[in-house]
Amino acid sequence: MARRGASVTLIERGRVGCESSWAGAGILSVLPPWDYDKGVIDLARYSETLYADWVASLKETSGIDCEYRRSGMLMLTADDDERDDIRARDWFAASCAESERVAARAIVPQLAVEREAWWLPSAAQVRPPRLLKALLVALSRMDVKVIENTEVLGFCQSGSRIVSLRCGEGELGGGQFVVCAGAWSQRLLGEHALALDIQPVRGQMLLFNCALNTLGPMLLEDDFYLVPRADGHILAGSTVENVGFDKSTTAAAREELMAHAHALLPSLNKKNLAAQWAGLRPAAPGNIPAIARHPEIDNLFINSGHFRYGVTMAPGSARLLTAAALGLPAAIDTAPYRWPGGARAWKSS
Ligand SMILES: Cc1cc2nc3c(=O)[nH]c(=O)nc-3n(C[C@H](O)[C@H](O)[C@H](O)COP(=O)(O)OP(=O)(O)OC[C@H]3O[C@@H](n4cnc5c(N)ncnc54)[C@H](O)[C@@H]3O)c2cc1C
């Protein structure tokens with residue numbers, strides 16, 4: 001929006017970029033894609049077309065390399081799951097995605113298990129903490145005002161418009177208001193949420209400190225993944241837990257993730273475990289985010305509910321939000337991302 005000339009203020013309860021977006025693995029794919037609706041796939045694909053240019057321009061502006069790279073992904077398949085195998089074959093064939101059926105050890109020889117796998121050579125990743133740092137620098141270069149340590153508590157409404165935000169330090173006025181408060185979006189909106197359904201889902205992650213080239217591509221087995229960074233670190237994640245707004249880490253998750261990581265790559269063990277953390281994903285039904293104008297309040301917008309793929313969908317979501325708020329044409333069909341509920345019929349924005 002700032003790039004389009006809008007005067008933007010970002011109000012953050014804590015420090016910018018320290019919640020779910022920081023905690024994410026940075027895998028830039030929907031996995032497995034055949035489990036998701038068109039709305040998820042379309043937004044992920046649209047974002048994929050924007051990513052390389054976006055991170056390049058962020059690097060130019062901020063000097064920070066977000067480590068966007070096509071490290072590839074090896075998707076291990078269950079030996080006995082013929083149904084899933086057929087779905088995968090059909091999907092890859094129909095989508096023309098670069099893919100190859102391989103023996104997993106042909107790609108990752110150090111793998112402890114001998115299995116069949118799908119090799120996706122162009123699957124990409126980014127390093128979220130670096131992406132967020134780069135974004136913050138870019139915001140300052142675009143004169144976006146960032147107000148940290150300020151919680152938005154509610155909205156002051158007059159007729160069908162919001163006139164200001166209620167914050168700890170008083171009220172803040174503006175022309176248009178965008179809620180992008182992740183897992184807290186629905187709670188912040190209160191009665192204005194209407195039928196929006198965004199719940200916190202905790203994800204825990206481990207970080208291993210490894211020698212360079214311990215693992216080349218990303219590795220996926222069911223819901224579990226290993227993501228190698230360029231400097232040798234390897235991420236192992238992640239849990240999917242319905243525990244409300246509890247962001248603590250647990251010994252049980254550490255043991256579970258450690259056991260899975262060790263079973264695939266025996267060099268991952270307690271000795272090289274460097275960190276454990278948790279984040280709260282903003283979970284919306286079907287993993288379809290809401291990116292739209294409020295059905296009843298003309299100047300209230302949302303960009304939230306990206307659940308497991310908020311990093312993947314980031315650049316496309318920002319474009320769709322900008323289109324909605326500034327009345328510009330959108331590059332993809334925005335109907336799946338409308339704000340659910342409300343008495344007034346939803347109109348395309
Ligand atoms: C363990 C884990 C692994 C993940 N891996 C991936 C992955 O590999 N690929 C991928 O695409 N996605 C991944 N995700 C999902 C992705 O991180 C999220 O979908 C995305 O980060 C959500 O971004 P967001 O900006 O909506 O929320 P957040 O990043 O949580 O940001 C919301 C912000 O709003 C602020 N806020 C909340 N309430 C208020 C208030 N009242 N006033 C002011 N500020 C407020 C918060 O402090 C926070 O900074 C992962 C998530 C987790 C937890």
Side-chain angles (χ1 to χ4, degrees), residues 1 3-4 19-21 24-55 57-58 66 68 70 73 91-92 94-98 120 122-126 128 131-132 135 178-183 185-186 195-199 201 203 218 220 225 240 279 281-295 301-340 346-349:
M1 289 176 78
R3 277 197 175 143
R4 288 278 184 172
E19 290 292 350
S20 187
S21 300
I27 301 169
L28 301 180
S29 304
V30 170
L31 296 163
W34 46 89
D35 273 358
Y36 291 92
D37 282 350
K38 192 172 173 310
V40 175
I41 301 300
D42 284 355
L43 185 51
R45 281 208 179 128
Y46 175 43
S47 294
E48 193 184 340
T49 65
L50 303 170
Y51 239 102
D53 286 348
W54 183 45
V55 291
S57 87
L58 282 176
C66 311
Y68 168 80
R70 295 193 177 277
M73 172 174 282
W91 200 90
F92 287 132
S95 68
C96 302
E98 221 184 323
L120 312 177
S122 55
Q125 60 162 292
V126 71
L131 178 63
L132 290 160
L135 274 167
V178 179
V179 172
C180 47
S185 296
Q186 185 174 334
L196 199 70
D197 182 10
I198 298 178
Q199 305 299 331
V201 172
M218 297 178 278
L220 180 80
Y225 50 74
V240 180
R281 306 177 184 93
N287 209 126
I288 300 182
I291 309 169
R293 186 193 298 271
H294 192 279
F301 296 82
I302 188 156
N303 183 12
S304 191
H306 298 75
F307 196 8
R308 306 194 71 169
Y309 304 114
V311 183
T312 304
M313 295 169 164
S317 301
R319 294 271 182 113
L320 294 190
L321 173 72
T322 303
L326 303 186
L328 303 168
I332 61 172
D333 177 17
T334 56
Y337 320 112
R338 69 181 181 271
W339 195 315
W346 176 76
K347 58 177 195 278
S348 179
S349 51

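Starting from 1, each residue takes its place in the sequence as its number.
Between the CZ atom of R70 and the OG atom of S122 there is a distance of 5.5 Å, given to the nearest 0.5 Å. With rounding to the nearest 0.5 angstrom, the CD1 atom of I27 is 8.0 Å from the CD atom of Q125. Here CD1 of I332 is found 7.5 Å from OG of S47. Values are rounded to the nearest 0.5 Å. With rounding to the nearest 0.5 Å, the separation of CZ in F301 from CH2 in W339 is 9.5 Å. The CZ atom of R319 sits 15.5 Å away from the OG1 atom of T334 when rounded to the nearest 0.5 Å. Rounded to the nearest 0.5 Å, atoms CG (L328) and CG (L320) are 11.5 Å apart.
At least one side-chain heavy atom of V40 sits under 4.5 Å from a side-chain heavy atom of M313. Annotation: side chain of M1 is in contact with side chain of L321 (closest heavy-atom distance under 4.5 Å). With a 4.5 Å cut-off on side-chain heavy atoms, S20 and P282 count as touching.
Proximity of a side-chain donor or acceptor of R338 to a complementary backbone N or O of A335 within less than 3.5 Å is detected. Side-chain atoms of S95 come within 3.5 Å of backbone atoms of A97 as a donor-acceptor pair (strictly under, hydrogens ignored). In this structure, D37 contributes its side chain and G39 its backbone to no donor-acceptor pair below 3.5 Å. Using modelled atom types, no side-chain atom of R281 and backbone atom of F307 make a donor-acceptor pair closer than 3.5 Å. Without hydrogens or angle criteria, S317 side chain to I291 main chain gives no donor-acceptor distance under 3.5 Å. Of the possible donor and acceptor atoms, one in the side chain of N287 sits under 3.5 Å from a partner among the backbone N and O of H306. In this structure, Y309 contributes its side chain and L31 its backbone to a donor-acceptor pair below 3.5 Å.
Looking at every heavy atom in both residues, L220 comes nearest to M73 through CB-SD, 4.1 Å. Closest approach of G316 to L43, counting heavy atoms only: C-CD1, 3.9 Å. Annotation for T312 and Y51: closest pair O-CE1, 3.7 Å, computed over non-hydrogen atoms. Between I198 and S185, the shortest heavy-atom contact is CD1-CB, 4.3 Å. Closest approach of S21 and V311 over heavy atoms only: O-CG2, 4.5 Å. Of all the heavy atoms in P128 and G24, the pair that sits closest is CG-O, 3.3 Å.
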*Dump the intermediate steps for side chain to side chain contact (heavy atoms under 4.5 Å, CB included) on M218 and L120, then the final yes or no.*
CA-CA 10 Å; M218 297 178 278; L120 312 177; over 6 Å; no
_Audit row: L58, Y68, side chain to side chain contact (heavy atoms under 4.5 Å, CB included) steps and yes/no_ = CA-CA 11 Å; L58 282 176; Y68 168 80; over 6 Å; no
*Please walk me through it: do L131 and W54 pass side chain to side chain contact (heavy atoms under 4.5 Å, CB included)?*
CA-CA 10 Å; L131 178 63; W54 183 45; 4.0 Å; yes
*Trace of the side chain to side chain contact (heavy atoms under 4.5 Å, CB included) decision for V30 with I41*: CA-CA 7 Å; V30 170; I41 301 300; 4.1 Å; yes
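Side-chain contact annotation: S57 with R3, donor-acceptor N/O pair under 3.5 Å present.
Ring geometry, W34 versus F92: the interplanar angle exceeds 60°, so the pair is classed perpendicular (tilted spans 30 to 60°).
Taking the six-membered ring for Trp, W91 and Y36 have ring centres at least 6.0 Å apart.
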